[in-house]
Amino acid sequence: MFDTAIQTFTSPVVLFFVLGLAAAFARSDLAIPEAIAKAMSLYLMAAIGIKGGVAVSKSGIDATVLSALGAGIAAGFLLPFFAYAVLKTFGRLDRINSGAVAAHYGSISVVTFVTAVEILTGQAREPGGYMVAVMAAMEAPAILSGLLLARGLGSKEGGAQSTGEMFHEVFTNSSIVLLLGAFAIGMVAGESGFAEVSPFFEVGFKGVLCLFLLDMGLIAARRMMDNRAVTWRLTAIAIFLPVVNGLVGTALGVGVGLDAGSSAALGVLCASASYIAVPAAMRLALPEADPGIYLTMSLSITFPFNVLVNIGIISAFAVYLTGGTGVGP
Amino acid sequence: MFDTAIQTFTSPVVLFFVLGLAAAFARSDLAIPEAIAKAMSLYLMAAIGIKGGVAVSKSGIDATVLSALGAGIAAGFLLPFFAYAVLKTFGRLDRINSGAVAAHYGSISVVTFVTAVEILTGQAREPGGYMVAVMAAMEAPAILSGLLLARGLGSKEGGAQSTGEMFHEVFTNSSIVLLLGAFAIGMVAGESGFAEVSPFFEVGFKGVLCLFLLDMGLIAARRMMDNRAVTWRLTAIAIFLPVVNGLVGTALGVGVGLDAGSSAALGVLCASASYIAVPAAMRLALPEADPGIYLTMSLSITFPFNVLVNIGIISAFAVYLTGGTGVGP
Amino acid sequence: MFDTAIQTFTSPVVLFFVLGLAAAFARSDLAIPEAIAKAMSLYLMAAIGIKGGVAVSKSGIDATVLSALGAGIAAGFLLPFFAYAVLKTFGRLDRINSGAVAAHYGSISVVTFVTAVEILTGQAREPGGYMVAVMAAMEAPAILSGLLLARGLGSKEGGAQSTGEMFHEVFTNSSIVLLLGAFAIGMVAGESGFAEVSPFFEVGFKGVLCLFLLDMGLIAARRMMDNRAVTWRLTAIAIFLPVVNGLVGTALGVGVGLDAGSSAALGVLCASASYIAVPAAMRLALPEADPGIYLTMSLSITFPFNVLVNIGIISAFAVYLTGGTGVGP
Amino acid sequence: MIETVIRKRIEILADKALQKRVTDAIDAAGITGWTIVPVTEGKGRDGKWREERVMGTDKVFVLTIAAEDKAQTLAEAIAPMLTKFGFILTMWDVEVIRGERF
Amino acid sequence: MIETVIRKRIEILADKALQKRVTDAIDAAGITGWTIVPVTEGKGRDGKWREERVMGTDKVFVLTIAAEDKAQTLAEAIAPMLTKFGFILTMWDVEVIRGERF
Amino acid sequence: MIETVIRKRIEILADKALQKRVTDAIDAAGITGWTIVPVTEGKGRDGKWREERVMGTDKVFVLTIAAEDKAQTLAEAIAPMLTKFGFILTMWDVEVIRGERF
Ligand SMILES: Nc1ncnc2c1ncn2[C@@H]1O[C@H](COP(=O)(O)O)[C@@H](O)[C@H]1O
Ligand SMILES: Nc1ncnc2c1ncn2[C@@H]1O[C@H](COP(=O)(O)O)[C@@H](O)[C@H]1O
Ligand SMILES: Nc1ncnc2c1ncn2[C@@H]1O[C@H](COP(=O)(O)O)[C@@H](O)[C@H]1O
Ligand code: NA
Ligand code: NA
Ligand code: NA
């Protein structure tokens with residue numbers, strides 16, 4: 001576990017994230033232009049989707065893939081209930097904010113997943129390509145649970161968006177569309193078709209991820225400094241939930257028969273909290289909930305915690321459960 | 001011809017275009033930031049220019065190159081007259097709009113050309129590097145013909161731009177400058193100079209083209225949905241013209257002695273309709289013409305038709321004319 | 001020396017700069033979107049920083065590195081005094097503007113340095129990786145000297161920024177932070193960590209530099225055409241200073257025992273004039289100074305002169321001083 | 001001298017994600033058009049925001065020019081959103097040329 | 001209390017490709033300056049447009065501040081373009097500090 | 001009919017590098033907020049500028065809405081910067097909904 005932590009901290013990807021945090025805390029004016037950050041996220045989505053699709057086009061869709069999908073979707077639906085209970089009691093949030101935050105923790109963060117894949121691959125435990133599909137499938141269910149908890153489905157209030165409208169929003173969200181679209185392209189084009197474009201999507205990948213995490217570090221730290229809405233109780237929850245969800249998800253992965261890398265990836269998906277799709281959905285569906293709370297928790301506390309600490313914990317736990325031998329070759 | 005079509009539809013480049021169309025029709029909010037789209041087009045221009053220049057620095061300027069240039073320029077001047085006749089009679093457009101649209105169909109679309117080069121190269125029929133110079137030479141002549149048709153050269157109306165001003169605009173247009181500038185750099189730097197920068201201009205090329213076509217798909221579909229100005233007659237013309245111009249151009253290429261790939265490329269240049277340089281020139285020179293007509297025809301009908309169907313037709317026709325053997329090795 | 005000049009002018013990097021100048025003088029609308037230019041400069045900073053850091057992680061910090069640092073810092077402090085004298089007497093500028101301009105010539109231009117490294121590497125005289133650290137160290141001292149000359153340190157006028165505030169500004173400036181941050185990452189990650197991300201930072205480097213210099217050419221030429229504040233005397237100084245400073249810096253490098261490439265790099269650092277960090281600092285600290293003067297001198301005269309002519313002179317001088325044999329293998 | 005008429009110019013600062021609701025309300029009020037101006041940063045009672053692009057906190061200015069009566073219709077249609085979502089609406093009189101368009 | 005003077009503030013929504021004609025007209029009217037504000041999207045009688053960057057349909061706001069008489073000169077110079085190219089011009093009175101500049 | 005109140009709308013064209021001084025002055029004047037609108041190009045007595053991104057010549061519009069008295073306080077606080085740095089300040093009356101916020 002200790003080796004893993006060291007490895008995490010000498011990975012350029014993680015180091016750039018730390019640089020971003022440090023620069024923002026030092027009040028540097030370093031900033032990635034908005035259009036570039038958007039482009040990098042589109043690139044990462046397209047690359048990860050297409051690579052996942054090519055991988056599945058090779059392996060085919062078998063029982064493992066289906067059980068991973070089932071496990072992921074089930075976790076997406078159920079984890080918010082636990083999160084809600086913790087937020088309402090220990091966190092002292094009201095019903096609406098508890099539901100909104102719970103939706104974030106049930107859903108997933110693409111960047112956390114990608115970072116975990118990089119780190120796991122560095123440990124010779126690359127997760128299966130189908131985990132990309134699992135990730136896409138886990139984006140939405142938690143939104144449903146969160147809304148159910150926050151206001152009961154269907155009770156549309158004036159000004160808030162209808163559930164139908166909201167689901168259209170979630171499923172036509174640019175990241176989902178690009179991720180699934182590129183996944184489909186990868187499946188259709190297969191390995192030979194992918195060969196043509198692989199230089200672009202492979203050569204740049206880690207470097208772009210570095211600069212993207214630099215930007216995330218800047219944003220996370222700036223939001224942390226601006227924020228006043230998050231109490232110590234919520235801070236504690238923003239660390240407690242990813243640990244628990246991560247262990248539950250990893251165990252679930254091992255339980256349904258996934259290998260160590262894929263189980264860890266499922267654990268990371270459960271541990272991660274959304275800060276793109278879900279905030280956008282909540283802004284529309286629960287405008288009364290406070291973005292100061294859910295964004296700060298997911299982006300400024302849980303995201304750095306996952307990247308810097310929790311991926312290491314989850315990876316070690318997956319190795320332990322599958323009887324592995326610590327850091328791979 | 002059927003094989004070619006299949007090949008077209010498993011090319012990631014084309015699949016990303018289809019994804020763009022699909023996402024826009026599903027009303028997804030997927031969008032490439034403007035600055036990124038602009039940067040991708042600058043990159044594509046620079047890459048295509050420099051590669052063409054390096055190719056010509058190797059081959060030298062010989063009779064083939066000169067006859068290809070002559071054929072291209074002649075086609076650029078003459079094709080608008082045919083288009084004008086069709087638009088005025090069958091299309092029922094007035095004089096001004098017919099001239100404006102005709103200018104678009106006589107000029108060329110860089111992205112269609114680049115996509116065709118990719119597809120042709122995939123069929124082992126790479127067009128000669130000098131076709132880049134032909135493309136650049138074909139950008140402007142049609143504008144002249146179109147204006148002649150629309151208003152008679154020289155009869156400058158109040159508020160409209162003088163012809164001199166307009167030609168300065170066309171020749172200092174950023175795409176022309178970058179294309180020709182990079183072509184010149186490629187010729188000066190030659191293969192050894194290019195070696196230094198080739199990783200950048202080659203590794204990224206196809207991948208960037210994928211994302212650029214994704215964006216073009218989004219724009220084409222959104223414009224199609226917004227539009228009301230284009231009748232079924234104009235829609236038919238927007239498919240008929242590229243077919244006819246494509247066949248004429250291909251035959252012309254074979255006629256002046258080009259190989260199959262270069263003839264097909266000339267056919268694609270004739271078939272393609274401008275949606276960058278010419279609309280900008282028309283906005284200045286013929287402000288009375290309706291952009292809703294010429295943009296929708298060239299961008300939302302002809303461009304997808306060329307990418308998805310017509311490049312395949314033209315390529316098969318070129319093979320047929322040169323007595324080739326269908327899809328290359 | 002003549003060979004070197006030829007080589008300079010067939011390098012794509014320099015040719016793209018010339019294209020930018022030419023396009024702007026022809027009043028083309030060619031322009032790189034702002035966000036892209038910013039992103040390219042962030043990329044270049046990160047790449048150069050990380051590569052420098054990896055190089056130093058291999059070589060370690062020895063006496064050569066320390067003497068190069070010492071020589072650079074000393075030059076940064078002292079060169080402005082000479083520049084000030086020339087600007088005040090021959091240039092006929094007032095005290096404030098002389099100080100402001102002097103600060104620019106004492107500080108450094110990252111892009112000039114990077115271009116020089118490319119050219120020197122092409123001559124098989126790659127400067128040591130530690131020169132990146134020297135460059136970072138030379139950014140600030142001249143600002144101090146310039147302010148001293150312009151207004152005497154401490155005499156804060158109403159509305160002008162306090163010296164403390166200004167230094168915070170300079171040291172948390174995005175380029176410095178990214179350069180030093182990436183340098184530190186390179187040192188921590190070392191060669192093995194860098195291997196992961198090197199495709200991104202190496203494959204794209206020269207190509208990005210090409211497009212960045214294209215943009216710099218456009219900006220430099222446009223500013224030259226807009227400008228009226230710069231007299232022939234100032235123009236002469238903007239060529240005289242880089243020549244003198246370049247020779248002094250090169251001699252200094254050879255004097256403290258650096259190899260030919262590193263001495264030339266130190267010469268280029270002394271010869272180059274800042275047009276990013278220092279103008280920003282001057283806008284805050286000396287708002288009475290005229291940006292029309294210092295930007296036009298550093299960006300539109302000295303920068304092109306350095307890229308097109310002076311790097312060649314300095315390189316030849318370094319070879320001469322170290323008893324080298326002209327252009328390397 | 002050129003003839004001008006007086007119209008209302010209305011500016012609404014809204015979340016980018018909710019822009020469509022505002023422009024739908026403008027269309028519903030029978031106003032001929034609208035224009036979007038980007039904004040990059042701001043501060044209000046809820047603290048600072050910045051174009052953070054990843055999290056739906058971006059805002060835009062929606063501008064529209066309309067005759068007095070339609071402007072009133074719009075203002076009433078939009079008032080509930082102002083409170084619910086924290087939008088800001090300002091309006092003032094402007095002279096326009098070619099006033100028959102608005 | 002700070003002294004202010006009344007000036008006209010004029011805003012012209014124009015095609016990016018034609019921006020230079022507008023600013024030339026401003027210069028010709030003897031006005032000291034102008035400022036460009038980007039716009040990203042809009043809807044009018046000709047339907048919607050969006051920054052489509054590839055096709056010359058982009059627009060900008062040209063702002064200028066001028067004394068009444070110069071503002072009138074400018075409005076008259078620009079009126080033909082308004083009709084021909086579909087520009088929009090609005091203007092209103094504003095207070096400015098350092099009014100001697102305008 | 002919806003109720004509106006009259007407030008001052010103030011726009012300051014400032015160097016991007018000096019934006020923080022302007023917003024600090026707004027905060028100091030006790031005004032509830034401000035919004036930044038990007039600008040891309042301009043011309044004044046010092047000649048043209050363009051977003052040159054590398055050299056700190058960029059500018060922004062800082063907008064703020066405030067009651068008359070606070071607007072005066074702000075204008076006085078900012079007046080010295082106007083001259084020193086060449087900022088431009090304009091203000092005018094606007095109607096706002098939910099005026100109690102400002
Ligand atoms: N009433 C309006 N308010 C604000 N902007 C408008 C209005 N009408 C038109 N516009 C803008 O002017 C552009 C051209 O309008 P039109 O010529 O009517 O298509 C539109 O795309 C909008 O950006
Ligand atoms: N009359 C004006 N109307 C609008 N903007 C102006 C005007 N005069 C100056 N500006 C803007 O203010 C900036 C600085 O002006 P100046 O200090 O006169 O060079 C210019 O670059 C313009 O962006
Ligand atoms: N007095 C003001 N003047 C200009 N913009 C404001 C003002 N107050 C708030 N805003 C803008 O409105 C946004 C939301 O305000 P609030 O709901 O008070 O947080 C802020 O982030 C600012 O962009
Ligand atoms: Na989760
Ligand atoms: Na054509
Ligand atoms: Na220097």
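Every chain is numbered from 1, with letters handed out A, B, ... down the list of sequences.
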Discussion item. Side chain to side chain contact (heavy atoms under 4.5 Å, CB included) for E:R9 and F:T90? Distances and angles first, verdict last.
Written reply: CA-CA 9 Å; E:R9 178 181 168 122; F:T90 59; 3.5 Å; yes
Worksheet item: Can you check side chain to side chain contact (heavy atoms under 4.5 Å, CB included) on E:D27 and F:K43, steps first, answer last?
Response: CA-CA 10 Å; E:D27 293 349; F:K43 198 194 126 188; 3.0 Å; yes
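Taking each heavy atom of F:V39 and E:P38 in turn, the nearest pair found is CA-CD, 4.1 Å. Summarising the geometry of E:D93 relative to F:W92, their closest heavy-atom pair is O-CB, 3.7 Å, with the distance given to 0.1 Å.
Only the side chain of E:I65 comes within contact range of chain F, judged by heavy atoms closer than 4.5 Å. For E:L63, the part lying under 4.5 angstrom from a heavy atom of chain F is the side chain only. For F:L13, the part lying near chain E is the side chain, with the backbone staying farther off; criterion is any non-hydrogen pair under 4.5 Å. Heavy-atom distances place the side chain of F:F61, and not its backbone, under 4.5 Å from chain E.
When each of E:V96, E:I31, E:V94 is checked for heavy-atom pairs under 4.5 Å with chain F, E:V94 comes out on top. Interface summary for chain E: among F:K8, F:M91, F:E11, the most heavy-atom pairs under 4.5 angstrom belong to F:M91.
Note that CD of F:Q72 and OG1 of E:T4 are 7.0 Å apart. Values are rounded to the nearest 0.5 Å. Between the CD atom in F:E41 and the OG1 atom in E:T23 there is a gap of 7.5 Å [rounded to 0.5 Å].
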